[in-house]
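There's a structure below that I have some questions on.
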Amino acid sequence: MAFLAVRKVRYDGKKYEYESPVLGDGINILEGENGTGKSTFAGLVYFGLGGYVEPFDDSKADLHREITGDSGNYVQLSVTIDSSSYVLKRFVGTNDIAVSGEDISAVMPIVRRDSAQRIFSDWILEKLKIDPVTLQFGVYSGKLNITDFLRLIYHNQAPDPSGIFKAIDNNSFVTDSRVFREAVFELLVGKSYQQYYTALSNFRDADRQRASFAKSLELFKGMAADLNSGEEDLNLVFLDQKVVEFKQQQDRLIAFRRELARTPPRIVVGVNLAEWQKELLANELEIISASRAEANLLEEVSRFSQLKADIVSEATQLKKMMFAHEELKLFSANTCPYCLKEVKRFPNRCVCGNDVVEGEYEKFFYDSSEYLAILKSRQKNVETVEIAIASLTRDLLSVRKKKGALEEGAQRLEKQIAQAVDESDSMVDIQQFEAVEERLAVLRQDLAKLEQQRELEVRREALEAELRSATSNVETLKILADQLGTAAQADMQAKRVAFSSIYDRMMRATLKDCRSASIRDDYMPVINGGEYTEASAAVPRRLLYYAALLEMSLTDETVKFPRFLLIDTPETSGIDPTNLKAAVSRLLEVVETGEKLGKRCQVILTTGIGKYPDGMAKSVFRVMHKPADRLLSLKPEAKS
Amino acid sequence: MTDASTELAKKRIMFIKSEDFNFIAYNILVVLDVLKCDSSVRPFKDHRKLSFLVDFASSPVLAPMLERQLRLKSDLSRRDVHTLAVAYASGASRKHFVARIVNSLITKGFVEVRKGEHDLDLDVWIKREKVPETFISSDLYLLERENIKKVAAISSHIRTLTFPTFLDRFFERHGVTVWHS
């Protein structure tokens, strides 16, 4: 349907450069001796379209020295896709292509890092109206890439031409698998295969989703069973009913509790709190004054006791004084109060000589009888003090008794008041209130459980709904895929017949001993029913396969093949030059068929000197001869 | 006023125990005896200390109080400090009597003295052989003897302490204001 053509090939580096003339529709031939750069030209085109060219990779042994040894070098292809022009620019050693055109200007990666990424292949396949279908191969699933399709567009110089497909860029058993090869053929040739693969891929995606929903529902059920163990298994309708029922119960209980709290306080006969409190205060004051009296009395008792002890002590000391007086005889009535010496005193005379009445004579010192008299008076004092102490002790006891009675009264009053206060606080029927509270607590717990159960049920139903919709989606998609599969099979059957007929015509016209040629259901060619194994037939067998594809695209509007062939030096050693020229002339016939139908196409062919039919000489755009004339020319500044 | 009861009443009124000569005398002799100040080789230094030791010997509370304080390493209560202050006042007011009573004791030959290290003080020692044996061996003064033993335990150098050091150790450091120099 779409038409791809390379209009100009350009290479530019620090040392080398190349620029092709403008390449037209139809056949364009690059003619050259071996080693002048024919394959380099094909490589440049393939590289520019996102392919991997081993000689351009400087990590490989078999490298292209002019290109790997150059620097700042890039390949620039001017291409047209239908009526739009684009310039594709790719630097050697990189995996990005800069695309610019009327509707795009972007740098796109060649390699897909993740499935969501848009890469160069996605862009160009979209332009070529080929869907980048996702294919499944065992556990591997991958999108078809432009390079996968180029395997039937780029007829490279194969060491073994018995294969049809160009060898893949990187050795992957997946993308080189039969499934992938068949898909490439089917997508390039088929009409509704594209839709079929899309439907199939949609079906697979939906099925994967359904499986994941089923898995999560299963997990969820397990979890919910753990959480709801012991609960009645109810659906959402019954759960909602139960929740409403519980909430009504709760409301009724709350209302009842409010009523209980509102009950007015009862009036208790015989309680007079204010009077009791007054009484208690008066009582406390009396206790304080009694305590003071008690303290005073105690202090007095203590003082009298000390006095008694002092007097007793003094009495003892008086005895000691008496003893000292008697034993030491230090002082007497006749001791001089100044010098303390013995005075010879005359009776009725003082020490100073004046007259005195002996009975009234004031002596300075005491004799035993006088000490004794003092002692006796002290003992009398002790008795007096003891009487005082006894009296005080009696008073003390009475004060204490009074205080004890007061304290008892105060305690009784306090108890009475506390009890009355406590009772007024608990006017509400505590027992009933507590019962209501307890029932409310249980109800709340049940409600919480129920809510949780309901929540789980809601989620389970949601999951089940998802699974149901996913399952029905899968079924729909399966039916669609099956339908499309059937249609595609029918279409491919017709296409295979059409292809075989073209291929058969071309092969028989080229090889004199070819009686029949067709393709099998795996789209591989069968010559003469499979018996034909002539080595010289290998080149036409592959080349004409490509030519037949080109013709299909020109004659059948439903064929996606982009009407472009890149053929690199089809001649291999041992091939009959007549056969080769005959095979190449088939290409010319294809182009002419197209022209007749008003359909354009492009074939780029590189070939050895004169290795093409005479009628094609006008299509040669360049001839290269050794040693001086090579594809890449050394820049003048690089020569010095 | 020849009435005997009146005479006795007068005597009783005039009687002040702490200034009684016999009271002071027997306490001094007990102090010297207990502290073994019995020769010129071992005299009681500075007779002024005796005036205060009379109270420590005779009081049933003073010596036990200080001994307890030393044992428990605690401060004295306010009441104890007051008791100690009263004792100080009593000792201070009696110091002239003490000098005279020592003189009487010398006259009787119960003690001997010599001039001390300073002008105003005397070294005193008991002449035990001159003191009646009945007095020395009497059980009547056991309390006084015990008290002085406690004092000696509180301050082992009581015999030789200077007067200011004595006042500091027994009064000032317990919070009693001392007006003596």
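Every chain is numbered from 1 and lettered A, B, ... according to where its sequence line falls, protein lines coming before strand lines. Remember, it's a predicted structure, so these values are computed and weren't measured experimentally.
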Exceeds 12 heavy-atom contacts within 6.0 angstrom, atom NZ of A/Lys308 | no

So CZ of B/Phe15 and CD of A/Glu370: to nearest 0.5 Å the spacing works out to 11.0 Å

Between atom CE of A/Met321 and atom CG of B/Leu140, what is the distance when rounded to the nearest 0.5 Å?
->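 Reported value, rounded in 0.5 Å steps: 11.0 Å.
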
Taking everything shown except B/Arg114 itself, do over 12 heavy atoms lie less than 6.0 Å from its CZ?
->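 Atom CZ in B/Arg114 is crowded, with more than 12 foreign heavy atoms closer than 6.0 Å.
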
Counting heavy atoms not belonging to B/Arg145, are there more than 12 under 6.0 Å from its CZ?
->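 Result for CZ/B/Arg145: enclosed.
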
Chi angles and distances behind the side chain to side chain contact (heavy atoms under 4.5 Å, CB included) call for A/Thr335, B/Phe21 = CA-CA 12 Å; A/Thr335 303; B/Phe21 279 38; over 6 Å; no

For atom CD of B/Glu129, is the number of surrounding heavy atoms from other residues, nucleotides or ligands below 6.0 Å larger than 12?
-> yes

Is atom NZ of A/Lys415 surrounded by more than 12 heavy atoms (other residues, nucleotides or ligands) closer than 6.0 Å?
->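 Open.
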
For residues B/Ser104 and A/Leu330, report the shortest heavy-atom separation together with the two atoms involved.
->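 The answer is O-CD2, 4.1 Å.
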
What distance do B/Tyr141 atom OH and A/Phe323 atom CZ have between them, rounded to the nearest 0.5 Å?
-> 5.5 Å

Taking the side chain as C-beta and beyond, is there a heavy-atom pair between B/Val131 and A/Leu328 under 4.5 Å?
-> yes

Residue pairs fulfilling salt bridge (Lys or Arg N to Asp or Glu O under 4.0 Å) with at least one residue in residues 312-324 of chain A, sequence neighbours excluded = A/Glu314-A/Arg378, A/Lys320-B/Glu144

Side chain of A/Tyr366, backbone of B/Asp20: donor and acceptor closer than 3.5 Å?
->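 A pair under 3.5 Å: no.
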
Find the distance between CD (A/Gln317) and CG (B/Asn22) and round it off to the nearest 0.5 Å.
->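 Here the interatomic distance stands at 13.0 Å.
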
